[in-house]
There are 2 protein chains.
Amino acid sequence: MTTKTSAAVCIDGWSGDLDTCPVRQVLDRIGDRWSLLLLLTLKDAPHRFNALGRAIPDISRRMLAGTLKTLEADGLIWRSVEATTPPSVTYGLTARGLSLIMALGPLVEWAFAQAPAILADRRRAGGAVSGVAIAP
Amino acid sequence: MTTKTSAAVCIDGWSGDLDTCPVRQVLDRIGDRWSLLLLLTLKDAPHRFNALGRAIPDISRRMLAGTLKTLEADGLIWRSVEATTPPSVTYGLTARGLSLIMALGPLVEWAFAQAPAILADRRRAGGAVSGVAIAP
DNA sequence: GTTTCTGGTCTCAGTTAGAGACTGCAAGCG
DNA sequence: CGCTTGCAGTCTCTAACTGAGACCAGAAAC
């Protein structure tokens, strides 16, 4: 289980090294706590740095800066700096970011439809409410 | 940014508390490093505990046990114990788990189509290769 | 003069994931 | 008989990651 053999199972029969599976690489990003939320906030309109912080109250500046940086590196958002004083930085969705949101549509619908039943099951199953919930 | 006002933005205009947004709750689960991989491994056939460990070589027993537990709590997989010695435990997909995989289809297609371009951008953008990648 | 705003970075603590040892029992092998 | 293997997990220790909040410098409002 610790030997990292290649040719492991992956999504849609990807048979290469696990770390190179494209779906894994993409989901690792958008599956984190903030990326998707940021993308969906930017979907309606471009936002400035602190405006994003206000729109998503429980993100820290540190994670906001870091997540924006990786989203930009992935070409999902753009970043533009206007040389005013103080310089104002604006972020917005790229075409690729928008296409990701579109691809997410069915999943979002599924989540909305299934959420009540899942939450009921989760409650019935016991206290396992957040994360992987290993016993303390 | 630290005041947790409710009525924050969420997916598809969810306006309640961020923690109750159904899409967030679902994505927090399937977005983690192992849930989706496990689900897709179980899609083809039911597996026993150690068989899953062999199919996904780089998961630790600890995360395997924990992730299976939460997937079961969410009603995405079933778990059946046969009282042999030693008892053998089998896991498989439920109908709900299968419906999630179906909903994931467009996202998987998108990821496959976009992965080369994203990886190229990521390389061009610099060393930000894994995770949020805050500078050391 | 003090506060507030701009976009971030830095440091410190707390939480979390991963590695690997450990449990107890049964079967296979020499 | 003794050794190893496999079963399904759990336990502990350490490494990594996350969140909270201080800090920067300049400008505008009060």
Side-chain angles (χ1 to χ4, degrees), chain A residues 1-4 18-19 24 28-29 31-35 37-38 42 46-73 77-92 128-136, chain B residues 1-4 18-19 28-29 31-38 42 46-73 77-92 128-136:
Chain A
M1 207 162 307
T2 158
T3 51
K4 191 150 182 183
L18 219 56
D19 293 335
R24 292 296 307 283
D28 271 1
R29 288 289 172 86
D32 78 3
R33 201 165 156 66
W34 303 117
S35 294
L37 209 46
L38 241 19
L42 292 175
H47 282 67
R48 313 240 315 250
F49 184 86
N50 281 334
L52 285 168
R54 261 175 262 118
I56 306 173
D58 52 351
I59 192 174
S60 66
R61 303 172 104 71
R62 188 181 154 282
M63 289 311 291
L64 182 54
T67 307
L68 287 171
K69 208 171 283 184
T70 60
L71 288 177
E72 191 199 356
I77 62 174
W78 48 260
R79 182 188 119 115
S80 89
V81 184
E82 291 161 73
T84 56
T85 43
S88 66
V89 181
T90 309
Y91 295 90
V129 175
S130 71
V132 167
I134 309 290
Chain B
M1 205 163 308
T2 158
T3 52
K4 192 147 179 186
L18 220 54
D19 293 336
D28 272 1
R29 287 290 171 86
D32 78 4
R33 199 165 158 67
W34 304 116
S35 296
L36 193 51
L37 209 46
L38 241 18
L42 293 174
H47 282 66
R48 314 244 311 252
F49 185 87
N50 281 335
L52 285 169
R54 259 175 263 118
I56 306 172
D58 52 349
I59 192 174
S60 66
R61 305 174 105 71
R62 186 180 155 280
M63 289 312 291
L64 180 55
T67 307
L68 286 170
K69 209 172 283 183
T70 59
L71 288 177
E72 190 199 357
I77 63 175
W78 48 259
R79 184 188 120 115
S80 89
V81 183
E82 292 160 72
T84 57
T85 41
S88 67
V89 183
T90 307
Y91 296 90
V129 175
S130 70
V132 168
I134 308 288

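Proteins come first, then strands; the chains are lettered A, B, ... in the order of their sequence lines, and each starts at number 1. Not measured: the values here are computed from a predicted model.
- With B/Trp34 as reference, B/Ile59 is the one residue of B/Leu64, B/Thr70, B/Ile59 to meet the side chain to side chain contact (heavy atoms under 4.5 Å, CB included) rule.
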Should B/Tyr91 and B/Arg79 be marked as a side-chain contact (heavy atoms from CB on, under 4.5 Å) after you check the CA-CA gap, both sets of side-chain angles, and the distance that decides it?
CA-CA 5 Å; B/Tyr91 296 90; B/Arg79 184 188 120 115; 3.4 Å; yes
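- Counting heavy atoms from C-beta outward, A/Trp78 and A/Leu42 have side chains that stay 4.5 Å or more apart.
- The side chain to side chain contact (heavy atoms under 4.5 Å, CB included) with B/Thr67 is formed by just one residue from the set B/Leu38, B/Leu37, B/Leu52; it is B/Leu38.
- When distances run from any side-chain atom of A/Arg48 to the nucleotides D/dT10, C/dT6, D/dA8, the shortest one goes to C/dT6.
- The nearest whole Å value for the distance from the CH2 atom in A/Trp34 to the C1' atom in D/dA20 is 13 Å.
- For the pair B/Leu52 CG and D/dG6 P, the interatomic distance rounds to 17 Å; values are reported in whole Å.
- Between A/Arg54 atom CZ and C/dG8 atom P the separation is 14 Å, expressed in whole Å.
- Listed nucleotides: C/dG24, C/dG8, D/dG19. Nearest to the side chain of A/Ser60: D/dG19.
- Following rounding to the nearest Å, B/Glu82 (CD) and D/dC7 (P) show an atom-to-atom distance of 13 Å.
- The phosphate of D/dG19 has OP1 or OP2 within less than 4.0 Å of a side-chain N or O from A/Arg33.
- Phosphate contact (OP1/OP2 of C/dG7, side-chain N/O of A/Lys69, threshold under 4.0 Å): absent.
- Put simply, CE on B/Met63 is 19 Å from P on D/dA8, counting in whole angstrom units.
- Comparing D/dG19, C/dA19, D/dA8 by their nearest atom to the side chain of B/Arg62 picks out C/dA19.
- Atom-to-atom distance recorded for B/Ile56:CD1 and B/Met63:CE is 11.5 Å, nearest 0.5 angstrom.
- When the P atom of C/dG18 is taken as reference, atom CD1 of B/Ile56 falls 12 Å away, rounded to whole Å.
- The side chain of B/Asn50 places an N or O atom within less than 4.0 Å of a non-bridging phosphate oxygen (OP1 or OP2) of D/dC7.
- Nearest to the side chain of B/Pro86, among C/dT9, C/dG24, C/dG18, sits C/dG24.
- The interatomic distance linking A/Phe49 (CZ) with C/dC5 (P) rounds to 15 Å, in whole Å.
- When distances are taken from the side chain of A/Val89 to each of C/dG8, D/dT18, D/dG9, the shortest belongs to C/dG8.
- Across the protein-nucleic acid pair, B/Ile59 atom CD1 and C/dA19 atom P stand 10 Å apart, rounded to whole Å.
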